[in-house]
Student: 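Have a look at this one.
Not measured: the values here are computed from a predicted model. Each chain gets a letter, A, B and so on, in the order its sequence line appears, and its residues count up from 1.
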4 protein chains.
Amino acid sequence: MSEERGKRGRDERRSQLLLAARQVFASKGYHAATVDDITRAAGVAKGTFYLYFDEKRAVFYELIRTFFDLVTEVGGAFAGEVPDRAEYVRRLEVAAARICELFRDQRDLVKLVYRESMGMDPELESMVREFYRRIARLEAENVQLGIDLGLYRADLHPLVVAYAQIGMVERILLGQLSDRSFPAEPDLVRQIVELALRGAGR
Amino acid sequence: MSEERGKRGRDERRSQLLLAARQVFASKGYHAATVDDITRAAGVAKGTFYLYFDEKRAVFYELIRTFFDLVTEVGGAFAGEVPDRAEYVRRLEVAAARICELFRDQRDLVKLVYRESMGMDPELESMVREFYRRIARLEAENVQLGIDLGLYRADLHPLVVAYAQIGMVERILLGQLSDRSFPAEPDLVRQIVELALRGAGR
Amino acid sequence: MSEERGKRGRDERRSQLLLAARQVFASKGYHAATVDDITRAAGVAKGTFYLYFDEKRAVFYELIRTFFDLVTEVGGAFAGEVPDRAEYVRRLEVAAARICELFRDQRDLVKLVYRESMGMDPELESMVREFYRRIARLEAENVQLGIDLGLYRADLHPLVVAYAQIGMVERILLGQLSDRSFPAEPDLVRQIVELALRGAGR
Amino acid sequence: MSEERGKRGRDERRSQLLLAARQVFASKGYHAATVDDITRAAGVAKGTFYLYFDEKRAVFYELIRTFFDLVTEVGGAFAGEVPDRAEYVRRLEVAAARICELFRDQRDLVKLVYRESMGMDPELESMVREFYRRIARLEAENVQLGIDLGLYRADLHPLVVAYAQIGMVERILLGQLSDRSFPAEPDLVRQIVELALRGAGR
DNA sequence: TATGAATGAGCTTTCATTCAT
DNA sequence: GATGAATGAAAGCTCATTCAT
């Protein structure tokens, strides 16, 4: 039981450090943030950091991975039993709504990912690429499903469409976060779904 | 004439350093690259760098701005005399083709921009944001034009559509650059134009 | 108790660095001395310096200020209960003796102050000026006291006399330190006191 | 004759650089001043500096030496035919007046000498020491003369008195230059002479 | 003589990481 | 486990000096 308590204590410390790091990174950026900043924000001594993480990068990796997992989860929820058209559309709406929520609730992580994840490190960079590759493939399957259901046209490459939809969504949501004159659309989710399903053309 | 030569010589050195920096940054990333790396790549002594740039960041800024200018130019070429539908479509095709070219010909710059431009610096970060804001506004005007011409539906906010199209294009092109299993589509430009005009739905 | 030890350890390290800096500065001069020289002399790593001082200048400031404090202390000991003539003379003798000691015992500091304190920095320079202003004012009060006691003539401005006495003392003592053919006067203190009280005239 | 003109031109350039250096050094200090600052102030190109001086230090040396020569000249004018008491006093008055003028007219040089001459360089430092040694010896001879004439007491070592008088004068004049609350004594020269001849005692 | 672009040694400072307590 | 003092590699930047033109 003391082991149990020890483990729980250990996990709490880790989370405490992760949370502190997330905030510090989000506010100063990865490079400007020092390990000292993080431990001070977490209220522990500097050396403690290295009891939970091998190096500064490690905690950054973990944060990025957390975000990727959250996104992948949304994308993955689409799969499953082959649905009919109505169900497909419904799933799309759910996914769009959840992604919007995600960007809203995890602003800190969003900042990290879109500000620095690429420029960090060859290793992390390939992790990011791998993420896009995976999620694009996932989405391409969904697109293929949409084609099979007759919802999407068949003359476009599913992977191209997948990348297009990913980019569309991320740029809209980033715009909403950082462009102060972005329209306060209450039905942004609807617009995203419309764009994905029917496009801008009439 | 000696002034002429001096000026030309000066500009050549600058370009030489810019080119070297572009390559070094693209291969090692901004933070891992040292001023020494750059000057060694340019075949000059370290101090020479500071005859042409105030600091390391300055050369990075200039490269980013260069890319932004190239993109803005493509977006701006759309404007002008109010066209008819056919002309609008033709312009769209030209712009898409030029953006594709741009991403292909300026891989180094693309890498810099999408890897590190955001995580650098508050100053640069706001330059990047400003860029997106500006180009989104530019594109939103084009979208409005498309609506007026009856090419686009009127029930979507032009700025949202603009961001969507920007994200769509950039994610597709980045995917093409970095996803090794991206389909070698010879008609990628056409697919982009189709997506922009008619969307993925049937 | 560990806090006690920590604090004591910290103070010792600081003193160790201050001492090393004092020696290094005295022998090579501030500008020629590097932080590396100082830490090597102190037997610690370079980074350790910055755990105790914000910058190279800071340690110099502290050394200069130390000397100024020592001198000011001597000058200040003069004040207090209004004395009679005999007491005044006795205090003068004590002060002269202590200043001589000070210059002898703190040669390193004397070197620093008279070699470089002025040329360092606007900030330090004004500290030096402030020191002279303060000590001159202090001494001027003593002179006024001497005038009141009938020991000094009343037709000279006390502040002028104060500056004169300060310069007299410092130049004599500096001469003794650096002019190898300076007479080895065993009664230098007496001569200084005589000069201050009665001057060179007969 | 062209050689004549060349020589004159050369000397003018030199003086131009010396003057510029004097101003630049006086305003920024020796270390903060760059060769570039000097040549820019002189209106010539950087390389030109090295056609007239071997190194940066050289011009500083020359400026310091100039000041020393001016002072030495004043001190030396005292010597000559053995005078009587009245003549001695008159010469003292003249010397005091000229030193005051010197400090007033050559503020830039005074700043240089008293701010940085000591901390520069072992070589320059020994030049400064040599200067003090020489001028102290010179003044000691004058003091001996005063003793012989019965103007000065014989129980003080002439060299000690010499240093005392030098220090007295320099500190008073420096105080006047930098202590903003220094009394605007119109008869400062008289007070200096009084202090030198009769001291502060009554 | 005059120029000013080029050089490169050398400095201060930072900070991720280690380790004795 | 927790601490925080100590480490030392590493990098940006300056500027006296040189030299081809």
Side-chain angles (χ1 to χ4, degrees), chain A residues 6 9-10 13 31-40 42-59, chain B residues 2-3 5-7 9-10 12-14 17 31-40 42-58, chain C residues 2-3 5-7 9-10 12-14 17 31-40 42-58, chain D residues 6 9-10 13 31-40 42-59:
Chain A
R10 191 173 165 78
R13 263 288 203 286
H31 285 99
T34 68
V35 172
D36 223 38
D37 291 329
I38 296 169
T39 52
R40 225 178 301 120
V44 298
K46 183 149 57 169
T48 302
F49 181 89
Y50 290 91
L51 296 173
Y52 297 92
F53 300 96
D54 282 343
E55 40 178 358
K56 189 189 170 193
R57 271 170 29 189
V59 71
Chain B
S2 80
E3 199 181 66
R5 251 229 336 252
K7 195 141 200 172
R10 194 174 161 77
E12 271 168 30
R13 260 286 193 279
R14 244 187 92 86
L17 281 163
H31 284 100
T34 68
V35 172
D36 226 35
D37 289 331
I38 296 169
T39 51
R40 222 176 305 120
V44 299
K46 182 155 45 172
T48 302
F49 180 89
Y50 291 92
L51 295 176
Y52 296 91
F53 300 95
D54 282 342
E55 40 178 356
K56 189 189 168 193
R57 272 171 29 192
Chain C
S2 81
E3 199 180 64
R5 251 226 340 249
K7 194 143 203 169
R10 192 174 163 78
E12 271 167 30
R13 259 287 193 279
R14 243 188 94 86
L17 281 163
H31 284 100
T34 67
V35 172
D36 224 34
D37 290 331
I38 296 169
T39 50
R40 226 179 300 120
V44 298
K46 185 155 40 172
T48 303
F49 180 89
Y50 291 92
L51 294 176
Y52 296 92
F53 300 96
D54 281 343
E55 41 177 355
K56 189 189 167 192
R57 271 170 31 191
Chain D
R10 188 171 167 81
R13 262 289 203 284
H31 284 99
T34 68
V35 172
D36 222 38
D37 290 330
I38 297 170
T39 52
R40 224 176 304 120
V44 299
K46 183 148 58 168
T48 303
F49 181 89
Y50 290 90
L51 296 173
Y52 296 92
F53 300 96
D54 282 343
E55 38 177 1
K56 189 190 170 191
R57 272 169 29 189
V59 71

Student: In whole Å, what is the span from the CG atom of D:Leu51 to the P atom of E:dG4?
Tutor: 13 Å
Student: Does B:Arg13 put a side-chain nitrogen or oxygen below 4.0 Å from OP1 or OP2 of E:dA5?
Tutor: no
Student: What's the CZ-C1' distance between D:Arg10 and E:dA2, to the nearest Å?
Tutor: 12 Å
Student: Could you state the CG-P distance from A:Asp36 to E:dT17, rounded to the nearest angstrom?
Tutor: 13 Å
Student: B:Leu17 has an atom CG; how far is it from atom P of E:dA5, in whole Å?
Tutor: 14 Å
Student: Consider the side chain of C:Thr34, meaning its heavy atoms from C-beta on, and name the nucleotide among E:dC11, F:dC15, F:dC13 that approaches it most closely.
Tutor: E:dC11
Student: For E:dT21, give the paired nucleotide (Watson-Crick: N1-N3 plus N6-O4 or O6-N4; G-U: N1-O2 and O6-N3; both under 3.5 Å), or none.
Tutor: F:dA2
Student: Could you state the atom-to-atom distance from CG of B:Asp54 to P of F:dC15 in whole Å?
Tutor: 13 Å
Student: Between D:Val35 and D:Tyr50, is a side chain to side chain contact (heavy atoms under 4.5 Å, CB included) present by the stated rule, with each step listed?
Tutor: CA-CA 10 Å; D:Val35 172; D:Tyr50 290 90; 3.7 Å; yes
Student: Distance from C:Thr39 atom OG1 to C:Tyr52 atom OH, nearest 0.5 Å?
Tutor: 13.0 Å
Student: Any side-chain N or O of C:Thr48 below 4.0 angstrom from OP1/OP2 of F:dT7?
Tutor: yes
Student: For the atom pair CZ (B:Phe49) and CZ (B:Arg13), what is the distance rounded to the nearest 0.5 Å?
Tutor: 13.5 Å
Student: Is the distance from OP1 or OP2 of E:dG4 to the nearest side-chain N or O of D:Lys46 less than 4.0 Å?
Tutor: no
Student: Under 4.0 Å between a side-chain N/O of D:Tyr50 and OP1 or OP2 of F:dT17, yes or no?
Tutor: yes
Student: In this structure, how many angstroms lie between the P atom of E:dT12 and the NZ atom of C:Lys56, rounded?
Tutor: 4 Å
Student: Given B:Val44, which of B:Ile38, B:Leu51, B:Leu17 fulfils the side-chain contact (heavy atoms from CB on, under 4.5 Å) condition?
Tutor: B:Leu17
Student: Among the nucleotides F:dA11, E:dT13, F:dA16, which one has an atom lying closest to any side-chain atom of C:Val35?
Tutor: E:dT13
Student: Just the rounded figure in Å: distance from C1' of F:dA10 to CG of B:Asp37.
Tutor: 12 Å
Student: Quick one: look up who E:dC15 pairs with, Watson-Crick or G-U, both distances under 3.5 Å, and put none if it's unpaired.
Tutor: F:dG8
Student: 5'-most contact on DNA chain E: C:Phe49 or B:Gly47, nearest heavy atom basis?
Tutor: B:Gly47
Student: Starting from C1' on E:dT12, measure out to OH on C:Tyr52 and report it in whole angstrom.
Tutor: 20 Å
